[in-house]
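Data first, discussion second: the structure below is written as C-alpha cells.
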2 protein chains.
Amino acid sequence: MSRGHMDVTVQADNPACPVSEVLDRVAGKWAIGILVAAAKGPVRFSELERGIEGISRRMLTLNLRKLEREGLLVRTVYPTVPPRVEYECTEMALELYETLLSLVDWAKRHSGDIARAHAVYDAAHSPTAPA
Amino acid sequence: MSRGHMDVTVQADNPACPVSEVLDRVAGKWAIGILVAAAKGPVRFSELERGIEGISRRMLTLNLRKLEREGLLVRTVYPTVPPRVEYECTEMALELYETLLSLVDWAKRHSGDIARAHAVYDAAHSPTAPA
DNA sequence: CGGTATCCAGCCAGATACTG
DNA sequence: CAGTATCTGGCTGGATACCG
C-alpha cells in the first residue's frame, strides 16, 4: 500500500457497522446498569427503580422494553394482586456481559494512558495554551 | 441467595460504570467508523469526509477531537500549503478495535436469536396482537 | 405494583457560510 | 485543505399525573 489514497469508505459491509449495531443495543445511560442488576437473578420493576440511582420510571420502562425486544431480558408477569413483574437476563445477555468484561479489562489496562491523553489534550487546548 | 431482595444498587463501584465509560468513548454514530477507517493507516481529513458516507464536516471534526482527546487518534499537521492533516490510530486504539471484534463475534453468534426476539416481540405488540 | 400518557427542557446532530 | 461559527430542528431523557 502506498499509504495515501486508500479506500476508507464505510458501508454496510464494513466491520464498523456490526460493532455499532451491538453497541447501540447496550448504549445509553441505563442499559448496562439494568443488565448488571438483572444478571444477579430475576428482579422486580420497583427493585430496579429503587436500585438504579437517578433513573426515571419512563426511562426504566423504555430500556426494559428495548432490552426485552433485543432478547436480552425476559419479562414475566405473575397475575397476582398486587401485580408482580420480574425481569431476568437471558443466556445470551449473560454471554454478552462476559464479553463486555473484556472492554473493562481494556479500560483498566489503559486508564493511565487515557488520563494522560486527556491531560495532554486539555493542556494543549487550554486558554493559556502555548502557540 | 433467596432470590428476591438482593441489592441491585448501581453505583460507581459497580461493574456497570467502567463498561459505560469505555462504551461512551466509542459510542455515537461515527466514532467506530472513523476508528476503522484510520486503522488501515494515516488518513487525511478530506479522505474521511469523503469516505464516511453521510457525515457532516462538523460531526467529523467533533469526533476526531474527541478521539484525539481519548488518546485513540494522533493528529499530525504538516505545515505545507495547502495544509495537510493526518489522523492515525494509536496502539491503544488498535487494541481496542481487537476487543470490539469479540463483540462482533457475539453479535454474529446471536444474530439469529436477536432477529427472532425482535419478531416475537413485535408480533406480540403489534396492533393485531393476541390477548 | 407496574406501568402509560403527556409535557417540556436540553443536548445532539445536520446544513451551511465563513476563515486561516 | 482543514477546519470554526452559527442557526436550527429533532430526538432523548426527566418529571409527573394518571390508569389497570
Side-chain angles (χ1 to χ4, degrees), chain A residues 4-5 8 10 20 23-34 37-38 42-69 73-88 121 124-127 129 131, chain B residues 4-5 8 10 20 23-34 37-38 42-69 73-88 121 124-127 129 131:
Chain A
H5 301 89
V8 292
V10 173
S20 293
L23 246 36
D24 282 347
R25 295 185 208 290
V26 292
K29 201 172 175 182
W30 308 109
I32 303 263
I34 293 173
V43 64
R44 298 182 62 171
F45 185 90
S46 49
E47 289 181 308
L48 288 168
E49 191 175 7
R50 280 192 306 274
I52 301 177
E53 203 74 13
I55 196 169
S56 69
R57 201 163 279 190
R58 175 183 141 85
M59 289 319 297
L60 179 55
T61 301
L62 276 140
N63 274 280
L64 288 172
R65 293 289 175 276
K66 182 182 175 191
L67 293 172
E68 187 195 354
R69 182 168 188 274
L73 286 182
V74 174
R75 178 173 180 267
T76 311
V77 181
Y78 300 94
T80 59
V81 44
R84 175 191 184 84
V85 180
E86 282 188 349
Y87 294 89
E88 186 171 18
Y121 184 94
H125 294 77
S126 73
Chain B
H5 301 89
V8 292
V10 173
S20 293
L23 247 36
D24 283 347
R25 297 186 206 290
V26 291
K29 200 173 175 181
W30 309 108
I32 303 263
I34 293 173
V43 64
R44 297 182 64 172
F45 185 89
S46 50
E47 288 181 307
L48 289 168
E49 191 176 7
R50 280 192 306 273
I52 302 176
E53 202 75 14
I55 195 168
S56 70
R57 203 162 278 188
R58 174 182 144 83
M59 289 319 297
L60 178 56
T61 302
L62 252 45
N63 275 278
L64 288 172
R65 293 289 175 274
K66 183 183 175 189
L67 293 172
E68 187 194 356
R69 183 169 186 273
L73 285 182
V74 174
R75 178 173 180 268
T76 310
V77 181
Y78 299 94
T80 58
V81 43
R84 175 192 184 84
V85 180
E86 282 187 350
Y87 294 89
E88 186 171 18
Y121 184 95
H125 294 77
S126 73

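Within every chain, numbering begins at 1; the chains are lettered A, B, ... in the order of the sequence lines, protein sequences first and strands thereafter.
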Can a side chain N or O of [X] be found less than 4.0 Å away from OP1 or OP2 on [N]?
| X | N | result |
| --- | --- | --- |
| A:Arg65 | C:dG3 | yes |
| B:Trp30 | C:dC12 | no |
| B:Arg44 | D:dA2 | yes |
| B:Arg57 | C:dA17 | no |

Between [X] ([atom1]) and [N] ([atom2]), how many Å, whole number?
| X | N | atom1 | atom2 | answer |
| --- | --- | --- | --- | --- |
| B:Tyr78 | D:dA2 | OH | P | 12 Å |
| B:Asn63 | D:dG3 | CG | C1' | 15 Å |
| A:Leu60 | C:dT4 | CG | P | 10 Å |
| B:Arg50 | D:dG3 | CZ | C1' | 15 Å |
| A:Ile52 | D:dG14 | CD1 | P | 12 Å |
| A:Leu62 | C:dT6 | CG | C1' | 13 Å |
| B:Lys29 | D:dT12 | NZ | C1' | 15 Å |
| B:Met59 | D:dT8 | CE | P | 19 Å |

Q | Heavy-atom side-chain contact between B:Leu62 and B:Arg65 under 4.5 Å | A | no
Q. A:Leu67 versus A:Tyr87: any side-chain heavy-atom pair under 4.5 Å?
A. no
Q: Measure across B:Ala27 and B:Ala31 and return the closest heavy-atom pair with its distance rounded to 0.1 Å.
A: O-CB, 3.6 Å
Q | Nearest heavy atoms of B:Glu49 and B:Ile55, plus distance in Å | A | O-CG2, 4.2 Å
Q) More 5' along DNA chain C: B:Gly28 or A:Pro83, using each one's nearest nucleotide? A) A:Pro83
Among the candidates [options], find the nucleotide nearest to the side-chain atoms of [X].
| X | options | result |
| --- | --- | --- |
| A:Ser56 | C:dG3, D:dG3, D:dA15 | D:dA15 |
| B:Ser46 | D:dC1, D:dT16, D:dT6 | D:dC1 |
| A:Arg58 | D:dA2, C:dA15, D:dA15 | D:dA15 |

Q | Residue that, paired with A:Val43, satisfies side chain to side chain contact (heavy atoms under 4.5 Å, CB included) out of A:Leu73, A:Leu48, A:Ile34 | A | A:Leu48
(Q) Between B:Thr61 and A:Ile55, which residue's closest nucleotide on DNA chain D lies nearer the 5′ terminus? (A) B:Thr61
